[in-house]
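This report refers to the structure that appears directly beneath it.
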Amino acid sequence: MSTRRQSSGGTGWPRYSQQPSYNDDNLIESLKRTINLYPLTNYTFGTKEPLFERDTTVPARFQRMREEFDKTGQRRSVEGVLIVHEHGLPHVLLLQLGATFFKLPGGELHGSESEVDGLKRLMTETLGRQDGIVQDWVIEDCIGNWWRPNFEPPLYPYIPAHITKPKEHKKLFLVQLGEKALFAVPRNYKLVAAPLFELYDNSPGYGPVISSLPQLLSRFNFLYN
C-alpha cells in the first residue's frame with residue numbers, strides 16, 4: 001500500500017511547511033477561552049415603550065429586502081448572545097413575542113456601520129436602560145455566520161452551492177455580561193432565559209439559528225460565579 005507524503009512546499013492539507021507542535025503549552029493555553037457567567041438573579045429587568053418591527057408582515061419584510069438589495073446590495077445584520085446561569089446551568093437570554101416566536105437581540109446595520117458599533121447600538125435600543133446611564137456592552141467574539149440565499153425565510157450556516165449573491169449575511173456575537181446589570185425590556189416582548197439543553201436540536205421550537213447555539217458555545221469554558 002502506498003502512502004502520500006506531504007511535501008515541504010505545503011501542497012496538501014493541512015497547509016503547513018512543518019507539522020505544528022500540539023504539545024506547545026503556550027499554544028494550548030492561547031486556544032482556551034473562558035466566559036464568566038453570573039446568576040440570573042444578579043440582573044434586574046424593567047420595562048420601556050414597545051419596540052415594533054419595521055415590517056408588519058413577513059411578505060412586507062422580504063419585499064423591503066428586495067427593494068433595498070437592488071439599491072444597496074446585501075443586507076448585513078447582527079445579533080447578540082447573552083448568557084447567564086441558573087443552578088450552574090447556562091441559559092441564553094431570548095426575546096419572546098407572542099406564544100411561540102423567539103429572537104436574539106439585534107437587527108440590521110446602517111450603511112457602512114461597523115458590526116461592533118452596530119450591535120452596541122441595537123443592544124441599547126432593545127435592552128438599554130432608561131435612566132440615562134449608558135450600558136457597557138462587551139462584545140467578546142464572533143461565534144457564527146448565517147446567510148440568506150434568497151428573499152425567503154431559510155438561513156444557512158454556509159453559502160449554498162450556485163449562490164453568488166446572498167441576500168443577507170447575519171453574524172452572531174457573544175456578549176460578555178458584567179456581574180450585575182439593569183435591562184429595560186420593550187413592553188411587547190418578554191425576556192426569557194432558555195437553558196442550552198432546551199435549545200439543543202430544537203429547531204421546531206426555536207428555529208435553526210437559536211437551536212445551533214449549544215454547538216457554537218461548546219468551544220468555550222464557562223466559569224460560574
Side-chain angles (χ1 to χ4, degrees), residues 33 35 37 51-66 68-69 73-86 89-109 115-116 118-119 122-123 125-127 139-177 185-186 188-220 222:
R33 296 295 303 279
I35 303 300
L37 300 187
L51 181 65
F52 297 106
E53 298 284 339
R54 290 182 61 182
D55 310 297
T56 56
T57 65
V58 173
R61 178 188 179 197
F62 289 116
Q63 179 59 34
R64 180 171 65 86
M65 182 183 292
R66 187 185 300 275
E68 292 177 350
F69 185 84
Q74 180 187 84
R75 174 176 293 178
R76 299 183 303 134
S77 57
V78 291
E79 294 182 341
V81 179
L82 294 76
I83 313 176
V84 299
H85 79 83
E86 284 196 278
L89 296 174
H91 287 58
V92 177
L93 296 183
L94 301 173
L95 291 164
Q96 180 179 352
L97 182 62
T100 59
F101 180 73
F102 299 89
K103 63 177 289 187
L104 294 164
E108 303 169 27
L109 296 177
E115 294 162 351
V116 170
L119 180 57
L122 289 160
M123 295 289 295
E125 291 176 3
T126 308
L127 295 174
I139 313 303
E140 185 69 31
D141 203 344
C142 176
I143 62 171
N145 288 272
W146 289 77
W147 284 269
R148 190 185 307 278
N150 302 300
F151 300 108
E152 298 171 348
L155 286 162
Y156 299 89
Y158 54 86
I159 300 177
H162 311 302
I163 297 296
T164 58
K165 296 180 179 180
K167 306 310 182 283
E168 181 178 2
H169 182 192
K170 181 192 297 287
K171 282 192 172 184
L172 307 184
F173 289 89
L174 178 62
V175 180
Q176 172 67 75
L177 290 177
V185 183
N188 55 327
Y189 284 98
K190 287 172 57 181
L191 192 65
V192 299
L196 291 188
F197 65 79
E198 184 176 311
L199 303 181
Y200 177 66
D201 201 27
N202 192 359
S203 183
Y206 292 95
V209 176
I210 293 176
S211 64
S212 74
L213 291 178
Q215 292 96 320
L216 297 177
L217 295 169
S218 65
R219 67 187 179 94
F220 297 102
F222 294 136

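Treat the numbers as computed from the prediction; the structure is a model and nothing was measured. Residue numbers count from 1 along this sequence. Values reported hereafter were calculated over all heavy atoms of this structure, with side chains retained and with hydrogens, waters and symmetry mates removed.
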N/O donor to acceptor pairs below 3.5 angstrom from side-chain atoms of residues 142-150, sequence neighbours left out:
from   : atom 1 : to     : atom 2 : distance (Å)
Asn145 : OD1    : His169 : NE2    : 2.8
Arg148 : NE     : Glu168 : OE1    : 2.7
Arg148 : NH1    : Glu152 : O      : 3.0
Arg148 : NH1    : Pro153 : O      : 2.8
Arg148 : NH2    : Glu168 : OE1    : 3.0

Just list the side-chain donor-acceptor pairs under 3.5 Å for residues 201-209, sequence neighbours left out, or say none.
from   : atom 1 : to     : atom 2 : distance (Å)
Asn202 : OD1    : Gly205 : N      : 3.2
Asn202 : ND2    : Glu198 : O      : 3.1
Tyr206 : OH     : Glu198 : OE2    : 2.1

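- For His85, the ring pair (Phe, Tyr, Trp, His ring centres under 6.0 Å) partners are Tyr224, not counting sequence neighbours.
- Shown here for Leu109 and Gly118, the closest heavy-atom pair between the two residues is CD2-CA, 3.5 Å.
- Within the 4.5 Å cutoff, side-chain heavy atoms of Glu108 are placed close to those of Arg54.
- Here the side chain of Asn188 pairs a donor or acceptor atom with the backbone of Leu51 at under 3.5 angstrom.
- A 4.5 Å side-chain heavy-atom check between Ile159 and Thr164 finds every atom pair outside the cut-off.
- Within the 4.5 Å cutoff, the side chain of Val92 has heavy atoms near those of the Leu94 side chain.
- Rounding to the nearest 0.5 angstrom, the gap separating the OH atom in Tyr156 from the CD1 atom in Ile163 is 9.0 Å.
- In terms of heavy atoms, Leu174 sits closest to Val81 at CD1-O, 3.5 Å.
- Within the 4.5 Å cutoff, side-chain heavy atoms of Leu95 are placed close to those of Leu127.
- Leu89 is listed as a side-chain neighbour of Phe197, based on a closest heavy-atom distance under 4.5 Å.
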request  = Could you please spell out the steps behind the side-chain contact (heavy atoms from CB on, under 4.5 Å) verdict for Val192 and Leu93?
outcome  = CA-CA 6 Å; Val192 299; Leu93 296 183; over 6 Å; no
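- Considering Ile83, Ile35, Leu177 as possible partners of Glu140, the one that fulfils the side-chain contact (heavy atoms from CB on, under 4.5 Å) test is Ile35.
- The closest side-chain heavy-atom distance from Gln74 to Met65 is not below 4.5 Å.
- Glu115 is listed as a side-chain neighbour of Lys171, based on a closest heavy-atom distance under 4.5 Å.
- Listed by chain and number, the residues in a ring pair (Phe, Tyr, Trp, His ring centres under 6.0 Å) with Phe69 are Phe151 (sequence neighbours excluded).
- Note that NZ of Lys165 and NZ of Lys167 are 8.5 Å apart. Values are rounded to the nearest 0.5 Å.
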key: side-chain contact (heavy atoms from CB on, under 4.5 Å) between Val78 and Leu172, intermediate numbers included   = CA-CA 6 Å; Val78 291; Leu172 307 184; over 6 Å; no
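- In terms of the ring pair (Phe, Tyr, Trp, His ring centres under 6.0 Å) criterion, Phe222 has no residue partners (sequence neighbours excluded).
- Separating the OG atom in Ser212 from the CG atom in Leu199 is a distance of 9.5 Å, to the nearest 0.5 Å.
- For the pair Val84/Leu37, no side-chain contact is recorded, criterion being any heavy-atom separation below 4.5 Å from C-beta on.
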ask   = So Arg64 and Arg75, side-chain contact (heavy atoms from CB on, under 4.5 Å) or not? Walk me through it.
value = CA-CA 11 Å; Arg64 180 171 65 86; Arg75 174 176 293 178; 3.4 Å; yes
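- Taking every heavy atom of both residues into account, Gly80 and Val175 meet most closely at CA-CG2, 4.1 Å.
- Distance check: Arg33 CZ to Asp141 CG gives 4.5 Å after rounding to the nearest 0.5 Å.
- Pairs engaging residues 93-106 under the side-chain hydrogen bond (donor to acceptor under 3.5 Å, both in side chains) rule: Glu53-Lys103 [sequence neighbours left out].
- Nearest heavy atom pair, residue Leu82 against residue Pro105, reads CD1-CG, 3.9 Å.
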